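See structure below.
Quick caveat, the model's predicted, so the values are computed rather than measured. Chain letters run A, B, ... following the sequence lines, proteins first and then strands; every chain starts at 1.
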Amino acid sequence: MPEGPSILIAKAQMTEFIGHKVITAAGNAKIDIPRLENKKLEDIKTWGKHLLLCFDGFTIRIHFLLFGTYRINETKEAKLRLGLTFATGAINIYTASVKVLEGNVNSYYDWSADVMQEEWDEKSALKKLSNKPNMLICDALLEQDIFSGVGNIIKNEVLYRVYVHPESITGQIPPDKLRQIAEEARVYSFDFLRWKNEGTLKKHWLAHTKKICKRCDLPMHKHYTGTKKRRSFFCTNCQKLYI
DNA sequence: AGTCATGTTGACGA
DNA sequence: CTCGTCAACATGAC
């Protein structure tokens, strides 16, 4: 559920409610839920892993974390975190972080940091990377202020695709290779989106959860890397370590 | 059936 | 104050 492309899919499934009025709002989210009733859903935006339900004067920020789910026009056996009922159907959200952003949503987000946004600015990301020369690339790719929307699967697939070892030190990676990483973060995110929509995402994984390297047949390594200690799957034969 | 994970925040202690 | 570690959240895949 949680990586950027999945949030775009969620948005697509909810757009039918844009322009419609919330009839009833319910759930155990720690926000002022009655406030939503009789308000028109003005727009739905995303920023990386954030799903943004925009109303006049405020925005509901949904973050699905690891376990979050949602249902459209149906419910599931779980405690409802936030449910919005419209005349034509409903959005039901479970196990997510729900917050209210007051005022203009644009003041909260740098849209150019989101790898899936039209406004994505690769040069800006590379500049931010150059300010963190000591950070390992496996950590840098997960920095939401630099690569908003990139999660652990995308991290592993991107680094495998561009032949870079996850424990490479950012400042030691040649500029053109860093540029490839940033470019691939966006390209793979859209591949992820397409494959997830087709239901073939896992089938297309080259590195994530793999035990054997598809390129050289040697065993893949699985380590919890970086200060973030997230799983990395990599081939030490095919992926170069820059240190 | 137990383990682990596509994520983030906050508390606490060193 | 900063850093590291842990707990919390609480579901579904294997």
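Distances shorter than 4.0 Å separate some side-chain N or O of K222(A) from OP1 or OP2 on dA5(B). For H208(A), a side-chain nitrogen or oxygen approaches OP1 or OP2 of dT6(B) to under 4.0 Å. Side-chain N/O atoms of Y224(A) include one lying less than 4.0 angstrom from OP1 or OP2 on dA5(B). Dashed line: the shortest gap from a side-chain N or O of K76(A) to OP1 or OP2 of dG12(C) is under 4.0 Å. OP1 or OP2 of dA5(B) lies within a sub-4.0 Å distance of a side-chain N or O belonging to R231(A).
Between the NZ atom of K228(A) and the C1' atom of dT9(B) there is a distance of 13 Å, given to the nearest Å. Rounded to whole Å, atom P of dT8(B) lies 15 Å from atom CD1 of I62(A). Counting to the nearest Å, the P atom of dG7(B) and the CG atom of L51(A) are 16 Å from each other. Rounded to an integer number of Å, the gap from CH2 of W205(A) to C1' of dA13(C) is 10 Å. D139(A) has its CG atom 13 Å from the P atom of dG7(B), to the nearest Å. Remark: P of dT6(B) and CD of E3(A) are 8 Å apart, rounded to the nearest angstrom. Computed from coordinates, the L80(A) CG to dA10(C) P distance equals 13 Å when rounded to whole Å. One interatomic measurement links the two molecules: CZ of R81(A) to P of dT11(C), which rounds to 9 Å at whole-angstrom precision.
Between K99(A) and L65(A), the residue anchored nearer the 5' end of DNA chain B, judged by the nucleotide with its closest heavy atom, is L65(A). Along DNA chain C, the nucleotide nearest F67(A) and the nucleotide nearest K202(A) are compared for position; the residue whose nucleotide lies closer to the 5' end is F67(A).
Rounded to a whole angstrom, the distance from the P atom of dC6(C) to that of dC4(B) is 15 Å. A gap of 22 Å separates the C1' atoms of dA1(B) and dC9(C), to the nearest Å. dA7(C) sits 16 Å from dT3(B) when the P atoms are compared, rounded to a whole Å.
Of the charged side-chain nitrogens involved, none lies within less than 4.0 Å of a carboxylate oxygen, so that E157(A) and R161(A) do not count as a salt-bridged pair. Using a cutoff of 4.0 Å between basic side-chain nitrogens and carboxylate oxygens, R35(A) and E102(A) are scored as salt-bridged. K128(A) has a carboxylate O that lies under 4.0 Å from a charged side-chain N of D110(A), or vice versa, which qualifies the two as a salt bridge.
Backbone-only engagement by K49(A) is indicated by non-hydrogen atom pairs under 4.0 Å involving sugar-phosphate atoms exclusively. Nucleic acid contact class of K229(A) (heavy atoms, under 4.0 Å, all strands): sugar-phosphate only.
Remark: R215(A) qualifies as a cation-pi partner of Y163(A) under the 6.0 Å distance and 45° angle criteria applied to the six-membered ring. Cation-pi geometry between R61(A) and Y109(A) is not met at under 6.0 angstrom from the ring centre and within 45 degrees of the axis. In this structure, K76(A) satisfies the cation-pi test against Y94(A), with its NZ or CZ atom closer than 6.0 Å to the six-membered ring centre and inside 45 degrees of the ring normal.
Applying the 6.0 Å contact sphere to NZ of K203(A) captures no more than 12 heavy atoms from other residues, nucleotides or ligands.
When each of dG7(B), dT11(C), dA13(C) is scored by its nearest atom to the side-chain atoms of T95(A), the top-ranked nucleotide is dT11(C).
Stretches of at least 3 consecutive Watson-Crick or G-U wobble pairs, with each checked distance under 3.5 Å, appear in DNA chain B as B:2-5 with C:11-14, B:7-14 with C:2-9.
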